[in-house]
Amino acid sequence: MQFKHPEILYALFLLLIPIFIHLFQLRRFQKVDFTNVAFLKKVTIQTRKSSQLKKWLTLLMRLLALACVIIAFAQPFTATKTALSTKKETVIYIDNSFSMQAKGAKGPMLERALQDLFDKLGGTEKLSWFTNNSERKNVTPQDFKNEVLSIVYSQNQLTPSQVLLKANQLYSKEKDVLKRLVYLSDFQQKEVFPEVPTDLILDAVPLKPVKASNISIDSAYIASKNASITQLKVKVSNTTTEISEVPVSLFNKNRLIAKTALDFSGNSNGTVTFDIDNSEEFIGELQINEPNIPFDNSLFFNINKPGKIKVLAINEADGNFLQRLFEKEEFKFTQQTFKTLNYNEIPDQNFIVLNELKEIPASLATALQSFSDNGGSVLVIPASLADLSSYNNLLLTMALGTLSEEKIQEKMITKIVFSHPLFKDVFEKEVENFQYPKVNAFYSVSSNATPAIGFEDNQSFLLQKNKTYLFTAPINKENSNFQNSPLVVPTIYNMALQSLPLPRLYYTIGQQNAIAVPVKLGPDEILTVKDSTEQFIPLQQTKANYVLMTTTDKPNKAGNYQIVKKTEFLENISFNYSRSESELQYLNPEDWEGAEVYSSVNDLFDAIEDANAINSFWKWFAIFALLFLLFEMLILKFYK
């Protein structure tokens, strides 16, 4: 027991005064003569005994009453060390990550925790609090209540180390301050628990879902693409064994296009495939219906309307077969002779064909190397009696190997690598009775490049390295019938089609995304990303032929957006939340050394209230003082 005013206890020495008074018999009894001496002696003895006991009882009651009054004025109390601390600072961390959407015993875990905080928090002491994307410092409990129920979900989640670091920034620099951190989270597994500072009281409240299960759309990607169809593959993750089948819906501009059921069949992951028409832009959304954690039930993507592929043929042989191939809507085909070649047009192309040049000068080789380094695609068709030295200078820079002497020998072109990207989805099956073309002369080649077509003796006819291709024989009509073969169309056509990279379906919010937009801006012009409700201006750099945009935490929500220049629409772009919050793996805060773990917010605040409680007893001592005075009165009145 402790006292608020212990100096008053010195007044207890005053209790000695009535004791001294009672000990010294200052009053003398007077004898009175009486006729019956025997009777008088008996009465005198009884009166003395009764008086002596009455005096001691009265003394005791007065001493106790006075002692209780003195102790009451000293204000006795009991309290813990926490309650006695005069300087206290409380910081509350509220984990509002998407994994907190999971259902607890009384509803979504975050919403239940916020309601409990609203109900339990009181008092007058200021506090600080923060979430994964916001913070408030030194606010009153009422201000906290005004904002706590409006906290929304965030795609980010701070690790335990980041939480401790952030909390430390919110504490003052004063010494001898009792620091308390209230940690509300589901403790999704991000890292191991860090060491808790010795001057910090860490109260952890693990919020646990009823079922740690989730089905999410993990990712989507383009598996293949041809002239008319883009094949979209969708990966769906499953952490529960209770559901074996889930429907996946595909929307285009909010219009349902297709719906299919995915059968997990005991697997944790599954894949579905959709075929998308290439004739127009596709502003897509994939959806599933899973109630536990809904943020990953949708995945937004877009396939912009493809621009025309720019094809340039540099001819010293007949290029009519190339013109027939590329005179289609999806291509912008131009051809020039070697002598009239405009080097300034090379960087603007997507696919360049060197059609049987006798010689490749160093200037052209340098321009083609720069074009290839910037993502361009090149097809080299050698000429008969070509200058192999100039050819090999170019081929070596592109890692295609070297050509050696031309051999005059008829060979059949019979080996087709059906798994090669050029021929994927071209043939329904590996054909054997194909009408194979032939060549009358060819070059020997020494190369580590990937063969796509080969001769009957397994030597290479067509090689590929990255986005550069090499025929090892001229394909003019005098040397080969390859131009008349059905094989020429998918081979060269797909080279041009694949010269443009597959489109980026979507970007992830929270990651650093670099987006190249092929547009030229004026001095005061900027690009804006917007949807129907919001817009933002990303960080951007103007380059020669494009603008490089960089995004990280913007936009705030997943969805399909547009890139515009003032009011001019440029292209669509999609953003999605990171799927890291879909992984429901948790740490056990019981293993966190230095942390006090509570099962609920209510238990935590009850414990804090008990720890901060000061049990005062002065009222009891005042009551006892009155009772002792009452006992004294009763003794004086009724005791005989």
Side-chain angles (χ1 to χ4, degrees), residues 309-319 321-322 325-326 333-407 420-422 439 441-455 459-476 479-480 482 488 491-492 494-496 498-501:
I309 299 173
K310 298 178 182 179
V311 180
L312 171 63
I314 305 173
N315 298 320
E316 274 195 329
D318 185 5
F321 79 100
L322 294 173
L325 277 174
F326 297 123
F333 177 71
T334 56
Q335 54 182 335
Q336 300 180 23
T337 63
F338 173 68
K339 294 181 180 179
T340 61
L341 175 61
N342 183 0
Y343 281 72
N344 293 328
E345 294 184 5
I346 290 179
D348 295 331
Q349 306 304 312
N350 301 117
F351 183 53
I352 295 178
V353 181
L354 301 184
N355 186 16
E356 301 191 21
L357 304 185
K358 293 294 184 182
E359 179 186 3
I360 302 176
S363 58
L364 179 57
T366 302
L368 291 174
Q369 177 62 38
S370 176
F371 171 74
S372 177
D373 291 343
N374 290 324
S377 183
V378 179
L379 169 61
V380 180
I381 306 174
S384 296
L385 303 176
D387 181 1
L388 294 184
S389 176
S390 64
Y391 265 82
N392 288 335
N393 288 337
L394 173 66
L395 297 179
L396 285 173
T397 61
M398 295 186 174
L400 279 170
T402 57
L403 297 176
S404 55
E405 60 177 337
E406 184 179 16
K407 295 183 178 180
H420 194 278
L422 289 177
V439 298
F442 64 93
Y443 290 97
S444 298
V445 63
S446 175
S447 175
N448 293 322
T450 304
I453 305 176
F455 294 117
Q459 293 190 39
S460 297
F461 172 65
L462 175 62
L463 295 167
Q464 179 212 0
K465 186 69 175 183
N466 298 324
K467 295 174 71 174
T468 307
Y469 305 88
L470 170 66
F471 281 111
T472 61
I475 59 172
N476 58 69
N479 188 62
S480 174
F482 183 74
V488 69
T491 301
I492 301 180
N494 283 340
M495 288 181 191
Q498 295 177 13
S499 65
L500 281 180

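Model, not experiment: these values are computed from the prediction.
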Any I346 side-chain heavy atom under 4.5 Å of L364 side chain: yes
Donor-acceptor contact present, side-chain S390 to main-chain I360, <3.5 Å: yes
Sub-6.0 Å ring centroid separation between F482 and F461: yes
Sidechain-backbone polar pair: Y469 side chain, I381 backbone, donor-acceptor under 3.5 Å: no
N/O donor-acceptor pair under 3.5 Å between S444 side chain and S404 backbone: no
Side-chain (Q464) to main-chain (N466) donor-acceptor, under 3.5 angstrom: yes
Stepwise side-chain contact (heavy atoms from CB on, under 4.5 Å) test for I492 and F321: CA-CA 11 Å; I492 301 180; F321 79 100; 4.0 Å; yes
Stepwise side-chain contact (heavy atoms from CB on, under 4.5 Å) test for V311 and L322: CA-CA 10 Å; V311 180; L322 294 173; over 6 Å; no
Minimum heavy-atom distance between N494 and L422, given as atom pair plus value: ND2-O, 2.6 Å
Any donor-acceptor pair under 3.5 Å from N350 side chain to S377 backbone: no
Residues forming a side chain to side chain contact (heavy atoms under 4.5 Å, CB included) with T402, sequence neighbours excluded: N392, L396, S446
Between CG on residue N355 and CG on residue N315, distance to nearest 0.5 Å: 4.5 Å
Contacts of type ring-ring contact (aromatic ring centres under 6.0 Å, His included), residue F326, not counting sequence neighbours: F331, F333
Pairwise distance CG(L463) to OG1(T450) - rounded to 0.5 angstrom: 8.5 Å
Which atom of K465 lies closest to which atom of A399, heavy atoms considered: CG-O, 3.6 Å
Residues, nucleotides or ligands: over 12 heavy atoms within 6.0 Å of N342 CG: yes
Expected output: side-chain E406 to main-chain L385 donor-acceptor under 3.5 Å: yes
E359 (side chain) donor-acceptor with D387 (main chain) under 3.5 angstrom: no
pair L368-M398: side-chain heavy atoms closer than 4.5 Å: yes
Closest non-hydrogen atom pair between T472 and P382, with its separation: C-CG, 4.2 Å
Inter-residue atom distance F338.CZ - E356.CD, 0.5 Å rounding: 14.5 Å
Shortest non-hydrogen contact between M495 and F351, atoms and distance: CB-CZ, 3.7 Å
Heavy-atom pair of closest approach, residues A386 and Y391: CB-CE1, 3.5 Å
Straight-line distance of T491 OG1 to F471 CZ, nearest 0.5 Å: 6.0 Å
Shortest non-hydrogen contact between L400 and S447, atoms and distance: O-OG, 2.8 Å
Stepwise side-chain contact (heavy atoms from CB on, under 4.5 Å) check, I314 with I352: CA-CA 7 Å; I314 305 173; I352 295 178; 4.0 Å; yes
Stepwise side-chain contact (heavy atoms from CB on, under 4.5 Å) check, F442 with N479: CA-CA 9 Å; F442 64 93; N479 188 62; over 6 Å; no
Side chain to side chain, L394 and V378, heavy atoms closer than 4.5 Å: no
Distance, nearest 0.5 Å, that separates CG of N476 from OG of S384: 6.0 Å
